[in-house]
Chemist: 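Please read through the structure below; I'll follow up with questions.
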Amino acid sequence: MADAIYVTQFGTSDQAFQRKEIQLDSTPEGYVTISVDTFGLNYADVMSRTGLYNDAPPLPFVPGYEVVGHIKEIGKSVTDFKEGDRVLAFTRFGGYAQEVQADVRAIQKLPDSISDEVGVALATQYSTAYYMAIRAGNIQKGEKVLVHAAAGGVGTALVQLAKWKECEIIGTAGSTEKLAYLKELGCHHPINYRTSDYEQEVIKILGEKQLDVAFNPIGGDTFKKDQRLLNSGARHFIFGVSTWSGKKGTLLDKIKLAWDFGLLHPLGFLMKSQGLIGVNMLRIADNKPQIIGETLQACIDLYTQRIIRPHVGGVYPIAELNKAHDLLENRQTTGKVVVKW
Ligand SMILES: NC(=O)c1ccc[n+]([C@@H]2O[C@H](COP(=O)([O-])OP(=O)(O)OC[C@H]3O[C@@H](n4cnc5c(N)ncnc54)[C@H](OP(=O)(O)O)[C@@H]3O)[C@@H](O)[C@H]2O)c1
C-alpha cells in the first residue's frame with residue numbers, strides 16, 4: 001500500500017492537499033516503478049495547486065516533478081536498470097507519492113556520494129538551468145547575463161552555471177537577505193528589484209543595451225524591460241510567469257498579462273540579431289524525454305566535478321508539506337525545498 005498527496009481542490013495548501021492511498025497499474029513497458037524516499041518542490045507546484053497552471057492534469061491530481069528513490073519494479077524492455085537501483089527521476093506530475101512510475105529515458109542512477117536532497121535539486125531546477133544556459137543558450141566567457149529570481153532554485157543553478165562559464169552576472173531578488181546570499185554565490189551585481197528599478201540599475205552597471213542573455217521566469221512588464229536592455233546577438237529566455245501568481249485568472253487578468261508582455265514581430269528579432277527562446281521542460285519531457293535524461297546526467301557529472309553546488313534551503317518531513325509550500329509561495333525560500341516521506 002502506498003500513499004500520495006493529491007490536490008483535490010484549488011486553493012491554499014490547507015484547502016488543496018489531501019493524503020490518500022494511490023494505486024498504480026502494473027509498470028508499463030519502458031517505465032520503472034519507484035519507491036520514493038524524497039521529492040522536491042518547485043514553484044510550478046504552487047501554480048498548479050492554486051489552479052493557475054495550464055499543463056496540470058484535471059483534479060484530483062498528484063503534483064511533483066522529481067523524486068529520489070529505489071526501483072521497485074521494472075517494465076518490459078527495460079535493460080539499463082534493475083530492482084533496487086537508487087535513482088533520480090523526472091516524473092512529470094505524480095512525484096508527491098510513495099510510489100511513482102517514470103519513463104526510463106528521464107531517469108538516472110544516483111551515485112551514493114549524492115544525497116537525496118541534492119539529487120532532487122539537480123532534477124527540475126538544475127536541469128532546466130542547464131538546458132537553457134548550456135544547451136540552448138551556449139553562454140560564453142565574458143557575456144553579461146541577467147538572472148531574475150536569482151536566489152531561488154533555478155536562479156541559484158543559473159548563477160552557478162554562469163559563474164562556471166565566467167560570465168558577468170547580474171541577479172535580481174526581493175530582500176536584503178537574498179542579496180547577501182547572491183553575493184556569497186558569486187553573483188557580481190545583486191539588485192533588489194523591490195527597492196530600485198532593476199532596468200535602471202542594469203543600465204548604470206553595463207550601459208545601454210549591453211546585456212547578452214536574460215533568463216526571465218517572471219513575465220509581464222519585466223519581459224519588455226529585459227528586451228530593451230539586450231545587445232545584438234542576445235538570447236532572451238522566457239520560462240515562467242511568476243507575475244501571474246495570486247491572480248484569479250479572469251479574462252481581464254489575461255488581457256492585462258498579454259498587454260504587459262507587449263507586441264513583438266519576427267522582423268524585430270532579425271533586425272536586432274536577437275533570439276527569443278521559450279522553455280517548457282514538460283514539453284521537452286513529453287516529446288524528447290532523452291534530453292531530460294541527458295541534462296540529468298550532465299548535472300550529476302557537474303556536481304561530481306564540484307562545478308555546481310545546489311543550496312538546499314529547507315528539508316521538511318511529509319507532515320510539514322503545507323508549511324514548506326507556504327514558504328515557497330510567500331517567497332521566503334532560497335535554493336531547493338525538499339520533502340521526505
Ligand atoms: N519552464 C520550465 O520548464 C520551468 C522549469 C522550472 C522552473 N520554472 C519557473 O522558474 C521559476 C523559478 O522556479 P523555482 O522552482 O526555482 O522557484 P524559486 O525561484 O525557488 O521560487 C520562486 C521565487 O520567484 C520570485 N518571484 C518573483 N516574482 C514573484 C511573484 N510574483 N510571486 C512569487 N514569487 C515571485 C521570488 O523570489 P524573490 O523574493 O527574489 O522575488 C520567489 O522566491 C518559476 O517561475 C517556475 O515556474 C520553469
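Read the numbers this way: they start at 1 and go in the same order the structure lists the ligands and their atoms. Predicted model, so just to flag it, every value in this text is computed and none were measured.
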Chemist: Which of the numbered atoms in ligand 1 are under 4.0 angstrom from any heavy atom belonging to S245?
Modeler: 32 (N)

Chemist: List every atom of ligand 1 that sits less than 4.0 Å from any heavy atom of I218, numbering the atoms from 1 in the order shown and giving each element.
Modeler: 27 (C), 28 (N)

Chemist: Closest by any non-hydrogen atom to atom 20 (O) of ligand 1: pick that one out of A285, G153, S48.
Modeler: G153

Chemist: For atom 5 (C) of ligand 1, which protein heavy atom lies nearest, and how many Å away is it?
Modeler: T128 OG1, 3.4 Å

Chemist: Under 4.0 Å from a heavy atom of M281: which atoms of ligand 1 are those, numbered in the order shown and with their elements?
Modeler: 2 (C), 3 (O)

Chemist: With distance as the sole criterion, is a donor-acceptor pair present between the side chains of D45 and S48 under 3.5 Å?
Modeler: no

Chemist: For atom 47 (O) of ligand 1, what is the closest protein heavy atom, and at what distance to 0.1 Å?
Modeler: A44 N, 4.2 Å

Chemist: Quick check on contacts: which atoms of ligand 1 are under 4.0 angstrom from a heavy atom of N280?
Modeler: 1 (N), 3 (O)

Chemist: In a check of salt bridge (charged side-chain N to carboxylate O under 4.0 Å, His left out) between E199 and each of R228, K204, K209, which one passes?
Modeler: R228

Chemist: Among all protein heavy atoms in this structure, tell me which lies nearest to atom 16 (O) of ligand 1, with the distance rounded to 0.1 Å.
Modeler: V154 N, 2.8 Å

Chemist: Could you tell me if N42 and E66 have a donor-acceptor pair between their side chains, going purely by distance under 3.5 Å?
Modeler: yes

Chemist: Quick one: nearest non-hydrogen protein atom to atom 14 (P) of ligand 1, plus distance?
Modeler: Q125 NE2, 3.4 Å

Chemist: Any nitrogen or oxygen of K178 lying under 3.5 Å from a nitrogen or oxygen in ligand 1? Just yes or no.
Modeler: yes

Chemist: With no hydrogens and no angle check, just 3.5 Å: does a side-chain donor-acceptor pair link T222 and Y193?
Modeler: no

Chemist: Determine whether the aromatic ring centres of Y65 and F93 lie less than 6.0 Å apart.
Modeler: yes

Chemist: If we ignore angles and hydrogens, is there a donor and acceptor under 3.5 Å between the side chains of Y198 and D226?
Modeler: yes

Chemist: Of all the non-hydrogen atoms in the protein, which one sits nearest to atom 45 (O) of ligand 1, and at what distance?
Modeler: S242 OG, 2.9 Å

Chemist: For W244, is the nearest heavy atom under 4.0 Å from an atom of ligand 1?
Modeler: no

Chemist: Could you tell me whether R194 and ligand 1 have an N or O pair separated by under 3.5 Å?
Modeler: no

Chemist: Would the distance check show the side chain of D212 and the main-chain N or O of V145 forming a donor-acceptor pair, the cut-off being under 3.5 Å?
Modeler: no

Chemist: Report yes if some N/O of T172 lies less than 3.5 Å from some N/O of ligand 1; otherwise report no.
Modeler: no

Chemist: Would Y43 count as a polar contact of ligand 1, with the cut-off being nitrogen or oxygen pairs under 3.5 Å?
Modeler: yes

Chemist: Just distances here: any N/O of G240 and N/O of ligand 1 closer than 3.5 Å?
Modeler: no

Chemist: What I want to check is whether the side chains of H236 and Q274 have a donor and an acceptor closer together than 3.5 Å.
Modeler: no

Chemist: Considering heavy atoms of the protein only, find what lies nearest to atom 41 (O) of ligand 1 and give residue, atom and distance to 0.1 Å.
Modeler: Y193 OH, 2.4 Å

Chemist: May I ask you to list the atoms of ligand 1 that are less than 4.0 angstrom from any heavy atom of G152?
Modeler: 18 (P), 19 (O), 20 (O)

Chemist: When you compare the side chains of Y303 and S113, does any donor N or O come within less than 3.5 Å of an acceptor on the partner?
Modeler: no

Chemist: Can you list the ligand 1 atoms lying under 4.0 Å from a non-hydrogen atom of A173?
Modeler: 40 (O)

Chemist: Please step through salt bridge (Lys or Arg N to Asp or Glu O under 4.0 Å) for the pair K225 and D197, ending with a clear verdict.
Modeler: CA-CA 10 Å; K225 288 185 175 190; D197 176 352; 3.2 Å; yes

Chemist: Please assess Y96 against L321 for the test side chain to side chain contact (heavy atoms under 4.5 Å, CB included), listing each intermediate value before the final yes or no.
Modeler: CA-CA 10 Å; Y96 289 20; L321 171 66; 4.1 Å; yes

Chemist: Would you tell me which option among R283, R331, E177 has the nearest heavy-atom contact to atom 34 (N) of ligand 1?
Modeler: R331

Chemist: Between D326 and K323 (side chain of the first, backbone of the second, donor and acceptor by atom type, cut-off under 3.5 Å), is there such a pair?
Modeler: no

Chemist: Do any N/O atoms on F239 end up under 3.5 angstrom from N/O atoms on ligand 1?
Modeler: yes

Chemist: Just which atoms of ligand 1 are under 4.0 Å from any heavy atom in P217?
Modeler: 10 (O), 11 (C), 45 (O)

Chemist: Any nitrogen or oxygen of G174, side chain or backbone, less than 3.5 Å from one on ligand 1?
Modeler: yes

Chemist: A side-chain contact here means heavy atoms from C-beta on lying under 4.5 Å apart; do L302 and Y126 qualify?
Modeler: no

Chemist: Any luck finding a side-chain donor-acceptor pair between S273 and S232 under 3.5 Å?
Modeler: no

Chemist: Could you list which atoms of ligand 1 come closer than 4.0 Å to a heavy atom of A149?
Modeler: 24 (O), 25 (C)

